[in-house]
Engineer: 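The following block contains the structure, expressed as structure tokens.
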There are 2 protein chains.
Amino acid sequence: MLLAVDLVILTLRGPSLHVLLIERGVEPHQGALALPGGFLRDLDEDILAAAQRELTEEAGLSEVPHLEPLGFYGEPGRDPRGRVVSAAYLAVAPRLPEPVAGTDAAEAWWRPVDDVLSARLHLAFDHRRMVAEGVERARVKLEHSALATAFCRETFTISELQQVYEAVWDVRLDPRNFYRKVQKAEGFIVPAGPMRRTENGRPARLFKAGPMQTLYPPMARSAQ
Amino acid sequence: MLLAVDLVILTLRGPSLHVLLIERGVEPHQGALALPGGFLRDLDEDILAAAQRELTEEAGLSEVPHLEPLGFYGEPGRDPRGRVVSAAYLAVAPRLPEPVAGTDAAEAWWRPVDDVLSARLHLAFDHRRMVAEGVERARVKLEHSALATAFCRETFTISELQQVYEAVWDVRLDPRNFYRKVQKAEGFIVPAGPMRRTENGRPARLFKAGPMQTLYPPMARSAQ
DNA sequence: TCGACTTCCTGTCAATCTGACAAGAAGCTA
DNA sequence: TAGCTTCTTGTCAGATTGACAGGAAGTCGA
């Protein structure tokens, strides 16, 4: 039996959630879009280590602030070489200045998650299901964990953090109420120096991720 | 490479959370306590099907209301026969009238989760970590999903449902406030006929699981 | 220099929700 | 019938939420 590792790597580009896809260079499904991933290099390679290796080789990302197991997928009949089982990992990358390029087998692009979920983009294997479950995991974890900070760079403004929630949940939030909630959740974010960054309007204070991983009170996703 | 399936089966016994453990009949770790599980029967067996087979054969449970993938565990050097990867599943069983017995390789017992987590009971392989992650998953899902009903029989009283939350979260809740919250979460529970069951005090109304899988408003685990 | 515009942030207020508790309802047992 | 148990409906003050006003602090263009 063969064990593969596949990565659902989420990030923000502009106002919307994106996932990293590659064009497969080999059969099966050559030329189709797929998640970055591959077989374990050798029998003794650790699964988590393999995930990190794929992150570097195929996605060109050296270090992401969040990497967690997502599930496993049988994919019977995936490959003529035999039974293949995929271990899927969810990774969250901060906003990147440049599109990911110059990677392993083929090119890698950030693609809107909506295009994948609505089937406007067809993905190889059962990778669309992996994306769906990765996004759902992110949506749930945003409520009661500090996952949102993984989408941001080391320091960030509160409105940048708000964009994360708006993109992942696909809702519009009131900035003023968002301020209050985020600041009240103890240990979620802490001020990062008196510096400020400039953009267009009034400069904003900078924060960084706090020590607390579970949020209390949680960020409630309202009924709407 | 070999693929195994392991099951973290949780249930309520008395007032506390229990997990099903077996005594291993074969090496390695013969005689030690472990989670029920085993290797895939053949190369084409579906992973989920294997989990359900183990549920029947090793745990003597025909049907559980909840079964979901938990994670995968590399366990390098687990077995002399080669590299083994375990796919762990979380299962939730309703209260059972009798202790599980007469199962596969050896005997199966319900053991208090606390004894496992506090290391009073030693488990083979990295099964203690699987239990810990299964319990943590259950704790989180209780907040915003209808998982709690999976711990109950088909019909149940509100106070039985409360016992689930108290056991899994290890907190004490006010029954009157619990009534209010549970009834307000739309689609969580629905009345199951005008029947009542008798116990000790005033008879209670019976409910069954409602159609809604995600709770709004969620059952907030307070700070305490 | 002076608006006009942008975004950031503090504050207010009514509606709702929460936690703590009182008290009645409906069974059992003695 | 009294006393016990558990279930269920209410009440009430304090906390939280959602909607919104308005000032603060920058940039840009004339």
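Every value quoted in this text rests on a predicted model; they were computed, and no experiment measured them. So that the names make sense, note that chain A is the first sequence line, chain B the second, and so on, each numbered from 1.
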Engineer: Among residues at least two apart in sequence or on other chains, which ones pass side chain to side chain donor-acceptor pair (under 3.5 Å) with B:Tyr73?
Structural biologist: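 With neighbours one apart ignored, the set is B:Glu133.
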
Engineer: Just to confirm, is there a sub-4.0 Å distance from OP1 or OP2 of C:dT18 to any side-chain nitrogen or oxygen of B:Lys181?
Structural biologist: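 Checking C:dT18 against B:Lys181, a side-chain N or O does come within under 4.0 Å of OP1 or OP2.
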
Engineer: Could you state the atom-to-atom distance from OH of B:Tyr165 to P of C:dG19 in whole Å?
Structural biologist: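 Going from B:Tyr165 (OH) to C:dG19 (P), I get 14 Å.
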
Engineer: To the nearest Å, how far apart are A:Leu173 CG and D:dT17 P?
Structural biologist: 13 Å

Engineer: Kindly write out the residues that satisfy side chain to side chain donor-acceptor pair (under 3.5 Å) with B:Arg95, not counting sequence neighbours, or none if the list is empty.
Structural biologist: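 B:Gln163.
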
Engineer: Let me know the distance between CZ of A:Phe178 and P of D:dT17, rounded to the nearest Å.
Structural biologist: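 So the CZ-P distance, A:Phe178 to D:dT17, works out to 13 Å.
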
Engineer: Hey, does the side chain of A:Thr214 reach the backbone of A:Ser145 with a donor-acceptor pair shorter than 3.5 angstrom?
Structural biologist: no

Engineer: Applying ring pair (Phe, Tyr, Trp, His ring centres under 6.0 Å), which residue pairs with at least one partner in residues 116-136 of chain A are found, sequence neighbours left out?
Structural biologist: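 Qualifying pairs, neighbours excluded: A:His29-A:Phe125, A:Phe125-A:His127.
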
Engineer: Rounded to the nearest Å, what distance is computed from the CZ atom of residue B:Arg221 to the C1' atom of nucleotide C:dT18?
Structural biologist: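 Those two atoms, CZ and C1', are 18 Å apart.
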
Engineer: Could you give the CG-to-C1' distance, from B:Asp174 to C:dT18, as a whole number of Å?
Structural biologist: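 One finds 11 Å between C1' of C:dT18 and CG of B:Asp174, rounded.
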
Engineer: Just to verify, what does A:Lys141 make a side chain to side chain donor-acceptor pair (under 3.5 Å) with, not counting sequence neighbours?
Structural biologist: A:Glu68

Engineer: Could you run through nucleotides 1-11 of chain C and give me one letter per nucleotide, 5' to 3': B if any protein heavy atom sits under 4.0 Å from the base, S if only the sugar-phosphate is that close, - if neither?
Structural biologist: -----BBBBBB

Engineer: Kindly write out the residues that satisfy side-chain contact (heavy atoms from CB on, under 4.5 Å) with B:Ala91, not counting sequence neighbours, or none if the list is empty.
Structural biologist: B:Ile9, B:Leu55, B:Val64, B:Leu67

Engineer: Starting at CZ of B:Phe156 and ending at C1' of D:dT6, how long is that distance when rounded to a whole Å?
Structural biologist: 18 Å

